[in-house]
J.: 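Below is a structure I'd like to ask you about.
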Amino acid sequence: QVQLVESGGGLVQAGGSLRLSCVASGRTSNMHAMGWFHQAPGKEREFVSTIRWVYGSTYYADSVKGRFIISKDNAKNTVYLQMNSLVPEDTAVYYCAASIRPYLSTVPADFDSWGQGTQVTVSS
């Protein structure tokens, strides 16, 4: 089992930036990919971005392409989400997740471990 702890959320004005971090611990050798999802009140959890842990290939939701950047630091067991040009629609709880499946996925059910979430609020 992998434990994940997110940080970096907060309140920001539209057009601003935030960087989320997620530190993994435990059986990290089993991880093949890490991802970010978000969930707004009354909505389902949605895919944001994912990165393969070894090869570094990435994938983004259309809604964040060109604005968000996912990256990783294997030595620190940490994945980051740099969020730029934020808009009010980005307001949500952001969750970090880890997958042992050897492929990139956008489906929450394909991720085995989840963090507790960090709130991101973008004011207009």
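These figures come from a predicted structure and were not determined experimentally.
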J.: For the atom pair CD (Q119) and NE2 (H38), what is the distance rounded to the nearest 0.5 Å?
T.: 11.5 Å
J.: If every non-hydrogen atom of V23 is compared with every non-hydrogen atom of K76, which pair is closest and at what distance?
T.: CG1-O, 4.2 Å
J.: Is it true that a side-chain atom of Y60 and a backbone atom of I70 form a donor plus acceptor pair closer than 3.5 Å?
T.: yes
J.: Please confirm whether the backbone N or O of I100 pairs with a side-chain atom of D112, one donor and one acceptor, at under 3.5 Å?
T.: yes
J.: Just so I know, are the side chains of V54 and H32 near enough to count as touching, which here means a heavy-atom distance under 4.5 Å?
T.: no
J.: With side-chain contact (heavy atoms from CB on, under 4.5 Å) as the test, pick out the partner of V64 among L86, L81, V48.
T.: V48
J.: Could you go through the side chain to side chain contact (heavy atoms under 4.5 Å, CB included) check for S21 and E6 one step at a time?
T.: CA-CA 6 Å; S21 301; E6 304 100 332; over 6 Å; no
J.: Starting from M83, can I reach Y95 by hopping between I/L/V/M/F/W/Y residues whose side chains sit under 4.5 Å apart?
T.: no
J.: Quick one: does V12's side chain get under 4.5 Å of T121's, heavy atoms only?
T.: no
J.: Are there more than 12 heavy atoms of other residues, nucleotides or ligands under 6.0 Å from atom NZ of K65?
T.: yes
J.: Counting distance only, does the side-chain N/O of Q13 pair as donor-acceptor with the main-chain N or O of S123 below 3.5 Å?
T.: no
J.: Between M34 and F111, which heavy-atom pair has the shortest distance, and what is it?
T.: C-CE2, 4.1 Å
J.: What's the separation between atom CD in Q116 and atom OG in S7, rounded to the nearest 0.5 Å?
T.: 8.5 Å
J.: N84 and S17: side-chain donor and acceptor closer than 3.5 Å?
T.: yes
J.: Checking the side chain of S85 only, and the main-chain atoms of G15 only, is there a donor and an acceptor separated by less than 3.5 Å?
T.: no
J.: May I have the step-by-step check of side chain to side chain contact (heavy atoms under 4.5 Å, CB included) for F37 and E46, ending in yes or no?
T.: CA-CA 5 Å; F37 292 77; E46 296 180 340; 5.9 Å; no
J.: Within the structure provided, determine whether R45 and W114 are in side-chain contact (heavy-atom separation under 4.5 Å).
T.: yes
J.: If I compare all heavy atoms of T50 with all of S105, which pair ends up nearest, and what's the gap?
T.: CG2-O, 3.9 Å
J.: So, is the end of the R19 side chain (NZ or CZ) under 6.0 Å from the ring centre of Y80 and within 45° of the ring's axis?
T.: yes
J.: Rounded at 0.5 Å granularity, tell me how far OG1 in T28 sits from CD in Q3.
T.: 10.0 Å
J.: Hey, is CZ on R27 packed in by over 12 heavy atoms from elsewhere, all under 6.0 Å?
T.: no
J.: Working to the nearest 0.5 angstrom, can you tell me the gap between W53 CH2 and K72 NZ?
T.: 6.5 Å
J.: Do side-chain atoms of D110 reach the backbone of S99 as a donor and acceptor pair under 3.5 angstrom?
T.: no
J.: Taking the side chain as C-beta and beyond, is there a heavy-atom pair between W36 and C96 under 4.5 Å?
T.: yes
J.: Could you check whether any side-chain N or O of T106 sits under 3.5 Å from a backbone N or O of F47, counting only pairs where one atom can act as donor and the other as acceptor?
T.: no
J.: Checking T91 side chain against P88 main chain: does a donor-acceptor pair fall under 3.5 Å?
T.: yes
J.: Report yes or no: does S113 contribute a side-chain atom to a donor-acceptor pair with the main-chain N or O of V2 at less than 3.5 Å?
T.: yes
J.: Is there a side-chain contact between L20 and T118 in this structure, where contact means two heavy atoms from C-beta onward sitting under 4.5 Å apart?
T.: yes
J.: Considering residues, nucleotides and ligands other than Y103, do more than 12 of their heavy atoms fall under 6.0 Å from its OH?
T.: yes
J.: The test is side chain to side chain contact (heavy atoms under 4.5 Å, CB included); show your working for Y94 and D90 and say whether it passes.
T.: CA-CA 10 Å; Y94 281 73; D90 295 321; 3.6 Å; yes
J.: Set out, in order, the CA-CA distance, both residues' side-chain angles and the distance that settles side chain to side chain contact (heavy atoms under 4.5 Å, CB included) for S57 and L104, then state yes or no.
T.: CA-CA 8 Å; S57 49; L104 289 180; 4.0 Å; yes
